[in-house]
Amino acid sequence: MNRPRRAPTRETATDAGPPIKTTARRAAKQRAEVNVDGLTSVAGYLIRQAQLWVFEDFVETLEPLSLRPAQYSMLVVIRDNAGLSQMALAEVLGIGRSGIIPPLDYLESRGLLQRSPTSDRRTHALHLTAQGTKLLAEADKLVHQHEQRLMEKVGPRGYQQLLRVLAVFGTRS
């Protein structure tokens, strides 16, 4: 599935505000002129390079829905764990307690999720709205296309190996 691609963009780590974009093409050109042979056997460097490609493609994939990767992850976890508390969501996604509030506010302002009070007045239970469920279904289709592009890049066997290796890091323990 080849689709026309704009120059990939890179966002800052924050997921609450507007993205700050730089062209990856310019960075790639600069890298082409710099010898990195000493890093090509360093796992951390290669993982970071893979992360850049995956993240840039993922950001571009979700852009038509005005959704960022962390927001997508939040919606998926909320869908799969209806009634989850904000703090449990922050913990499972590795987001600081104060860092979870702005993206949840944004998703709530878009009508994608609802916070419901619980018996403990300090916490809120999170639920997707009908609109959130519909948008997430659209996002899931786009994410599937992203995963297909990743599979095309590394091959079906490489993709399965990649998932097995990365699963070691996929649990927060």
Residues Gly96 and Ala90: closest non-hydrogen pair is O-CB, 4.3 Å

Do Thr61 and Glu147 have side chains that approach each other closer than 4.5 Å (heavy atoms only, starting at C-beta)?
no

Is there a donor-acceptor pair under 3.5 Å between the side chain of Thr129 and the backbone N or O of Gly111?
yes

Might you work through the side chain to side chain contact (heavy atoms under 4.5 Å, CB included) test for Gln86 and Thr123, ending with a clear yes or no?
CA-CA 7 Å; Gln86 293 177 179; Thr123 65; over 6 Å; no

Are Trp53 and Arg149 side-chain neighbours, meaning at least one heavy-atom pair lies under 4.5 Å?
yes

Salt bridge (Lys or Arg N to Asp or Glu O under 4.0 Å) evaluation trace for Asp57 with Lys153:
CA-CA 12 Å; Asp57 188 77; Lys153 187 158 188 74; over 6 Å; no

With a 4.5 Å limit on heavy-atom distance, are the side chains of Pro69 and Gln71 in contact?
no

Any chance you could measure Leu113, atom CG, to His127, atom NE2, to the nearest 0.5 Å?
10.0 Å

Does Leu162 have any side chain to side chain contact (heavy atoms under 4.5 Å, CB included) partners at least two apart in sequence or in another chain, and if so, which?
Leu150, Leu166

Show the nearest heavy-atom pair for residues Ala125 and Gly83, with the distance to one decimal.
CB-O, 3.4 Å

Tell me whether Ile47 is reachable from Phe55 by hopping between hydrophobic residues (I, L, V, M, F, W, Y) whose side-chain heavy atoms are closer than 4.5 Å.
no

OG1 (Thr40) and CD (Gln49) are apart, to the nearest 0.5 Å, by 11.0 Å

Drop me the distance from Ile78's CD1 to Leu128's CG, to the nearest 0.5 angstrom.
6.0 Å

Apply side-chain hydrogen bond (donor to acceptor under 3.5 Å, both in side chains) to the pair Tyr159 and Glu152, showing each step before the final yes or no.
CA-CA 9 Å; Tyr159 178 79; Glu152 289 171 8; over 6 Å; no

d(Glu63 CD, Phe58 CZ) to nearest 0.5 Å is 13.5 Å

Could you measure the distance from the CG atom of Asn35 to the CG atom of Asp37? Nearest 0.5 Å is fine.
4.0 Å

Is the backbone N or O of Pro156 less than 3.5 Å from a side-chain atom of Gln161, with the two atoms forming a donor-acceptor pair by type?
no

Determine, step by step, whether Leu93 and Met74 satisfy the side chain to side chain contact (heavy atoms under 4.5 Å, CB included) criterion, reporting the C-alpha distance in whole Å, the side-chain angles of both residues, the deciding distance to 0.1 Å, and the verdict.
CA-CA 8 Å; Leu93 293 178; Met74 290 176 191; 3.6 Å; yes

Using side chain to side chain contact (heavy atoms under 4.5 Å, CB included), reason through Ile100 and Met87 one step at a time and then give a plain yes or no.
CA-CA 8 Å; Ile100 196 75; Met87 292 307 104; 4.0 Å; yes

Evaluation steps, side chain to side chain contact (heavy atoms under 4.5 Å, CB included), between Arg68 and Leu62:
CA-CA 6 Å; Arg68 296 181 184 182; Leu62 293 175; over 6 Å; no

Asp140: side chain to side chain contact (heavy atoms under 4.5 Å, CB included) partners, not counting sequence neighbours:
Tyr72, Val76, Arg79, Leu136

Sub-4.5 Å side-chain heavy-atom contact between Leu67 and Leu75:
yes

Non-hydrogen side-chain atoms of Arg110 and Ser66 separated by less than 4.5 Å:
yes

To the nearest 0.5 Å, how far apart are OG in Ser85 and CZ in Arg115?
11.5 Å

